[in-house]
Structures are given as structure tokens and as C-alpha cells.
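Please read these numbers as outputs of a predicted model, since none were measured by experiment. In what follows, chains carry the letters A, B, and so on, assigned in the order in which the sequence lines appear, proteins first and then strands, with residues in each chain numbered from 1.
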Number of protein chains: 4
Amino acid sequence: MAPRHKESERDAVMKETRELLLGAAAEEFAREGYRGANINRISRAAGFAKGTIYNYFPSKRAVMLALIEETAKAHADYIVEQVMEEEEPIGRLERFFQAGFAFVPSHLPQSLVMVNNIYGPDVEFKEHMYQAYQPLFQLVGQEIVAHGIARGAFRPADPVATAALLMTIYLGTGSTVDDKGRPWLDPRQVATFALDGLRGGEPEVGEGGTS
Amino acid sequence: MAPRHKESERDAVMKETRELLLGAAAEEFAREGYRGANINRISRAAGFAKGTIYNYFPSKRAVMLALIEETAKAHADYIVEQVMEEEEPIGRLERFFQAGFAFVPSHLPQSLVMVNNIYGPDVEFKEHMYQAYQPLFQLVGQEIVAHGIARGAFRPADPVATAALLMTIYLGTGSTVDDKGRPWLDPRQVATFALDGLRGGEPEVGEGGTS
Amino acid sequence: MAPRHKESERDAVMKETRELLLGAAAEEFAREGYRGANINRISRAAGFAKGTIYNYFPSKRAVMLALIEETAKAHADYIVEQVMEEEEPIGRLERFFQAGFAFVPSHLPQSLVMVNNIYGPDVEFKEHMYQAYQPLFQLVGQEIVAHGIARGAFRPADPVATAALLMTIYLGTGSTVDDKGRPWLDPRQVATFALDGLRGGEPEVGEGGTS
Amino acid sequence: MAPRHKESERDAVMKETRELLLGAAAEEFAREGYRGANINRISRAAGFAKGTIYNYFPSKRAVMLALIEETAKAHADYIVEQVMEEEEPIGRLERFFQAGFAFVPSHLPQSLVMVNNIYGPDVEFKEHMYQAYQPLFQLVGQEIVAHGIARGAFRPADPVATAALLMTIYLGTGSTVDDKGRPWLDPRQVATFALDGLRGGEPEVGEGGTS
DNA sequence: TATGAATGAGAGTTCATTCAT
DNA sequence: AATGAATGAACTCTCATTCAT
């Protein structure tokens, strides 16, 4: 009944509203944590009345879950674009870290929220994170780790688990940039660690014993 | 007025009550996060009425701050005892990781809380963590990193920052042992990374370029 | 966006809700005192859920402060209307006392709260009372006291301070009408005192003496 | 069994402890009001542990009731001593006011508490005040008011009610000395009012009207 | 008699969510 | 689709009172 472009116009408006809400949510969640976040404040910060957010998400939890998904997608797009321009394993790994360290400040609230969820107490969010990042884990596992192992550049290891490790490292590293800029962790050094780790020296440290 | 034994007996009881409360707090904070934690539940879980915890700590925040301090102390004692039995740098580093990986499961709730604070949104807690861990950072920085650098076992790096990095690595690694034991991160591999990283291959990855 | 009537209709409803809440607050404060008053009970007594009052006032203190202001305004309107119909100083003073003694029973809870604040321990409330009553003090000071002094009907005295005294007298007098109607103080006699006091006989009682 | 003076010594100590507690209670009640007062703080301020006050008074209410009684007694003693030195009605009235205005600052916390109770919401305290002050009301009523009326110095009035009025006036006046010394009410002027009021000019103001 | 740890009812306040407009 | 008043569960913190020592 209504003209078709009206429909799609409304769709566009709704999509934009949704993005505004998720952006405001990222900032609120980053600043206050999930429990401390105020959903009314999110809706207001996005420029809407407090009830509006409930037209887009059924609950506060659903906002976080949606934010996790969106961020994982954006993250994956960003990483893939950068990594696939390179062919060599070492080069891909370097690209991966460059892209990773660039992603964090350019999506700071989102990154903080992700890290918060990784190490936070909420099991459902952790699980959702894990699911949402599967595609990226797979891709990094295949196109960087397995690729490098196959070419003999890296020592053998589980590709997906290693991908998770790599991402966790730079996400965590990037997130320790606190207000006062106190450098608990040094990104450069972290990257070096990771590269050395993948290339491998002798294996075996840990419970295994020294003998 | 009262005999001295009575006084010290009371002190002992109060000290134990305090420990019970902090133990219950660690579990609650680990399970629910700071914001989600219920201070009445903590007091009940420790075996007391809900008001009792306020005879020991003036506020919920104060409970967390005290827990951070206690844990940092226990952590430092634990690490130092293990590490100092060894003389060789590589041996010390291995001991450090063994002790670290052992500390986490033996103080799981406390460790989860620490990690949660490191990556959580509360700036006061972060700051307090940093302060409380200074002694351990110093010690690890001196007795492992600087010690190893001096003996040529490790490549040069800032000792204290490196100490923070090492601890963050195993704390974070140990804390991803979620309910289902899903191994996002593999401790052994992490330790290998770290050891390789300290021993060094070529430096330079990250923004710095290859030059 | 919404039609204008809707807006003003909502405004009217909110205003009425506010008045209901302040009315209930006056009764609760009068019966229990500020500290003893239960803000949930206020909201319930006004016909709302306990949280509703927080949509109108940010705190319990704010409710009291608003009540002080509203009452001072109502009080001033009431007094002014009565007093200004008369021209002669003595007549105005009589009108003032008539209006005052009539105001108290017709706004009994509010009056009790005011007196309670005047003689109560809360300095912020006292200060707020003083500020809120300034307009009435000024008016009574000018239109009754100074007016009467200028015409030679009253002896010279500071108009504003005298206004405060007069009001305090009838507020206090009216407020001793306790549940059992026990007449500690007799309004008629009080008014006589005040009139005689203003008209003056010999001055001087008390420590000083003008000689 | 125990020697007799030990007994009376203990009585003396207990009496002093009681006085210390009531003194601290007066200050706490004056500063915080009854509901806001903290009974533990009272016991501490008196130099004892928080439980000690319960060895002397069965409850917080009982502390206030005892304080009312003690203060009324002290007040009566003070007034009677001053007033009875004079024979003439006017002289007695002047003495009464002098003594009254002197009593308030020399027993400021107690006076503030009394006034607070007179105008406060607690009916039991009001009642207790009224009972405790009966002896003083009777005395002032007889020895000043009735005495003066009998000698033709004052106009006829109910002696006891007038006594209550006079006391209320100077208690209230003295109690408006707030922190900043803001003079809502001027003691001198108040005394003049009262004297004139007793001596009488024309009667009739108030609801009766003159017409 | 004095002590102070323990208790638990109760209060102020927050905020996710609902729903009539 | 957007609004915001209303709701009430839930939470932190206070403190009068008890009682074993």
C-alpha cells in the first residue's frame, strides 16, 4: 500500500537509529561496564527518549549481545581487508598486528567492551563473544597460522586456538591504555613476543618440567 | 583491664572473620563482578548476618580494595618463595611461570577478580591494583628480568614493564579457564611465547616498521 | 511533533501529581518529622508506587525543600490578600493575625512542618525557610510595621525582624494545638501581646537598658 | 559483704556516669534531632563503649525522657532561685526573664532539645515535657502571674497557661540563635512584648474583632 | 559494670521495563 | 516509531539493640 521507497526509506532510518543506539551503548558500556550501564542514558545519549531503545532491542542484555555481534563483524572486515593484501606469512602476521593495533583505538569503546567481556564474569556474554568471533578465528587460523605453518614459517600449532591467542594479546594490550596513559603493556614488545612465539625456538616450558 | 590473652584472642577471631569475609567476597566478585555482587550475600556466605561485613569494611568498594591488597600480598609471597629457590635466569623464569600458573587455580576466585579489575571499567580499582602490585613488579623486574639481562640470558627491556607483561599474560591465560574449560588460550604455548620473547630473536614488529 | 494540547495536558497531570506528592509529604513530615518520615509511604499515600516520587524530586531532602518553598508561597499569597484590603495600620495588624491564625489550621500539616523546621536541628532547612520567607518578611515589614511606624501607630523597630517575630509567634502558637487540643498557648492572648508590644509602653526589659 | 562506703562510692560513680551520658545525649540530640541521633555516638562521646549506655537506660527513647526530666528540674531550680529573691511582681517578672535568657545559653544543648520537643512531632515527648514542666508552670503561675494579678500589677489571666506562654517565648527566642547568629528574633524586644502583654493595654485582638 | 562483635529490620535510592498516548 | 510517567524489585548502608566475655 505504501510506496516502496517509503518502506526502504524507513528501513534506512531505522538502521541508522540502531547504529546510533549501539554507538552510544558502546560508550556507556565501556565507561560503566555492563552492570553499571544505564540503558536510559544510552537512549538519551543517542538522541532519543528513554523508551525508544526498546523499540530496537528487547532488553539491556540484547543490546550487549547485538553490540558484540556488530563489533565482531566490523573487526573481521577490518582485519581481513588488511591481511589479504599480503601473501607472505610473516608479512600477513605483521599486517594482522598492525591492523589489530589500529583497530583498537579507532573503535576504542567497542574494544574496551570486548575485552571487558572476555575477562568479565558474564558467561553468556563470553559464549556469545566466542561464537561471534568464530569466523575471524577461522580466517586468521587458516590464512595466517595454517598458511605460515604450511610454508614452514611458523612452528606447528592449533590454528584456531593460536588465532584466539593472538587476538586476545593485542586486544588486551590495546585496552590497557588507561586515562593516564600508564603503559602496563608495551604493544611493540607484545608483537615481538607473538612473532617469536609463532616462529618458535625450543618448545616446552610450563608444567612439563625442565629435565 | 581485661587480661591480655582475651585481647589477642579477640584479635585472632576478628582476623579470621575478616578472612572469611574476604574469601566470600572473592567468590561473589568472581561470579558476579563488582557491580553484580551483592554485599549481603557475601556476609551471609561467610556465615554472618548481612550487617556484619560493615563492622569490618566501611563500604562495598572498601571490600574490593582490601581484597586487591590481600591478593597482591599473597600473590607476591607465593611467587617470591618459588622463584628465589633458583639461581639461573632461565630457571627463575620457568619457576615464575610454574608458580604463576599454579597460583591461579589455587586462588581462582581471587585471580578472576584481579583480571576482571585489570580489564574492567573501574579506574579506581585499576589504580589500586597497580599500586598493590608494585612490590611484585619490582621484584620480578629485578630478580628475573634484570637478573637475566645482566647475565645475557634475556635481551634488554624495561624490567618493571616486562614484569607487568609477564604477569598479565599468565593471569589472563589462567582466567580463560571458563566453566566448560574451553581453552581459548593454552598455558604451555603462552609460556613458550613469553620465554621466546624474553630471549629474543630479532626485535621489531608493529608500527615501528622493519627499517 | 505531538499536538500541543497533549503537551499541556501532560503538564497539567504532572503538576497535579506533584501537588499530590507534596500534600502527602506535608502530612508525613508533620506526623513523623523529617527524619522519621518514610518517602515510600509518602509516595503510596499520594496514590503512587514508591518509586514515582523520584520522578518528581531527586531526593527526600529535595521534597522538604520544595515543600518549604510551596508553603511559603501559599502563605505569602494568603496573608497579602487579607492584609492589603485594609488601610489603617492597626487594622492591617489585626488582619495579619486573623489571616495568620486562619492559615495555620487550614494548612495544618504544612504549618507544623514549618514550625518544626524553625526549631529543628537541620541548618539547611532553617536557611531555606529563611530564604523562602524573605518576600513575606519584606512585605509584612513594609506594609504593616514600617507603615504603622510611619503613621505613628507603632513604636520604631526594625521592620523585617519584627515581621519575623510576628510570624514566628502565630506559627508557634497555632502549632501547639496538639492532638488532644491541649492549649499551651492562647492565640487571643498572644495577639494581644503582639499588639501591645508593637504599640509600645515603656521599652526596656532584659539585660541591656538604655538608661 | 562489701564495705558500705564501697557501695556509696559506686553509686557516686554511677551517678556521674549517668550525668556524662545525659550531657553527651543533649549535645547529640541538639545537633541531630532525636531521630538523627546515634546512641552509640552518645556513649562514645561520653567516654564509654557503645554498649555502656544500655546499662543506664533501657532504650534510646528512655534517654530522651530522662534528659527531659533532668533538664526540667535544672531549669526549675535555676528559675526559682533567681525569682524568689525579689518580692515585687514587676521585679519578679524581670528576674524571670533575666534568668530565662541566661538559662538558655548556659544550657544550650538542653534548651535546643526542649524547644525541638515542644515543636517536634513526637507526642510522647511533648506529653513528657508538659508533665515534667508542671512544677515550674505551677510555680511561675503562682509566684509571678497570680502574685502580680493579686497585687494589681498584671491584668487577669490564667496563671498556668500564662506561665507556659512566657517560658515558650524565651525558650523559642533563645533557640533561634543559629550558627551564623542570624537574629530572627530579638530577645530584648520579646521581653518587652511579654511585659507589656502582661500589664495589659486594651484587650481584644484576634478573631473577636473590635467593631 | 563495661565492652564491642553480631544482628537484622528498615530506609533511601536506582533503574530495567511496561504501556498508554 | 517515539515518548516518558509509572512501576517495584533489588541493593547499599545505618543503627538500635543484644549478649557473651
Engineer: Could you tell me the separation between the CG atom of A/L21 and the P atom of F/dA1, rounded to a whole number of Å?
Structural biologist: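 Atom CG in A/L21 sits about 14 Å away from atom P in F/dA1.
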Engineer: Could you state the CG-P distance from A/N55 to E/dT21, rounded to the nearest angstrom?
Structural biologist: 17 Å
Engineer: Can you tell me the distance, in whole Å, between the CG atom of C/N40 and the P atom of F/dA10?
Structural biologist: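 One finds 15 Å between P of F/dA10 and CG of C/N40, rounded.
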Engineer: Taking atom P of E/dT7 as reference, at what distance in whole Å does atom CD1 of B/I39 sit?
Structural biologist: 15 Å
Engineer: Using a heavy-atom cut-off of under 4.0 Å over every strand shown, decide if C/R61 touches base, sugar-phosphate, or nothing.
Structural biologist: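 No contact.
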Engineer: Looking at F/dT14, I'd like to know if its phosphate oxygens (OP1 or OP2) sit under 4.0 Å from a side-chain N or O belonging to D/N38.
Structural biologist: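 No, no such contact exists.
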Engineer: Between D/I53 and D/V63, is there a side-chain heavy-atom distance shorter than 4.5 Å?
Structural biologist: yes
Engineer: It should be established whether B/T17 places a side-chain nitrogen or oxygen under 4.0 Å from OP1 or OP2 of nucleotide E/dA6.
Structural biologist: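 The answer is yes; a side-chain N or O of B/T17 sits under 4.0 Å from OP1 or OP2.
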Engineer: Round to the nearest Å and state the distance from C/R18 atom CZ to F/dA6 atom C1'.
Structural biologist: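 Atom-to-atom, C/R18 to F/dA6, this comes out as 18 Å.
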Engineer: Have a look at A/A37 and say if it touches a base, only the backbone sugar-phosphate, or nothing, with a 4.0 Å heavy-atom cut-off.
Structural biologist: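 Sugar-phosphate contact only.
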Engineer: Can you tell me the base-pairing partner of F/dC13? Count Watson-Crick or G-U wobble geometry only, both distances below 3.5 Å, and say none if there is no partner.
Structural biologist: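 Looking at the geometry, F/dC13 pairs with E/dG10.
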Engineer: Starting at the 5' end of DNA chain E, which residue's closest nucleotide do you reach first, A/R35 or B/T52?
Structural biologist: B/T52
Engineer: Between D/A49 and A/G51, which is nearer to the 5' end of DNA chain E once each is assigned its nearest nucleotide?
Structural biologist: D/A49
Engineer: How long is the line joining CG of B/L20 and C1' of E/dA5, in whole Å?
Structural biologist: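 Computing the B/L20:CG to E/dA5:C1' distance gives 14 Å.
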Engineer: Using a heavy-atom cut-off of 4.0 Å across all strands, would you classify B/Y56 as base, sugar-phosphate, or nothing?
Structural biologist: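 Sugar-phosphate only.
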Engineer: Salt bridge or not between B/D122 and B/R61? Use side-chain N to carboxylate O under 4.0 Å.
Structural biologist: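 Salt bridge flag = yes for B/R61 with B/D122.
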Engineer: Paired with F/dA20 by Watson-Crick or G-U wobble geometry, both distances under 3.5 Å: which nucleotide is it?
Structural biologist: E/dT3
Engineer: Which is true for C/R44 with a 4.0 Å heavy-atom rule: it touches a base, it touches only sugar-phosphate, or it touches nothing?
Structural biologist: sugar-phosphate
Engineer: Flag the pair A/K126 / A/N117 as yes when at least one side-chain heavy-atom distance between them is below 4.5 Å, and no otherwise.
Structural biologist: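 With C-beta onward as the side chain, the pair stays apart.
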Engineer: Would you mind reading off the distance between C/Y54 atom OH and F/dA6 atom C1', rounded to a whole angstrom?
Structural biologist: 16 Å
Engineer: Under 4.0 Å between any heavy atoms, over every strand shown, what does B/F48 touch: base, sugar-phosphate, or nothing? Just pick one.
Structural biologist: sugar-phosphate
Engineer: Would a 4.5 Å heavy-atom cut-off, applied to side chains only, mark C/Q131 and C/I68 as touching?
Structural biologist: no
Engineer: NZ of B/K50 versus P of E/dG10: gap in Å, rounded?
Structural biologist: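 Computing the B/K50:NZ to E/dG10:P distance gives 10 Å.
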Engineer: Indicate yes or no: at least one non-hydrogen side-chain atom of A/T17 is less than 4.5 angstrom from one of A/F48.
Structural biologist: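 A/T17 vs A/F48: side chains touch.
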Engineer: Closest nucleotide of DNA chain F for C/M14 versus for B/G36: which of these residues is on the 5' side?
Structural biologist: C/M14
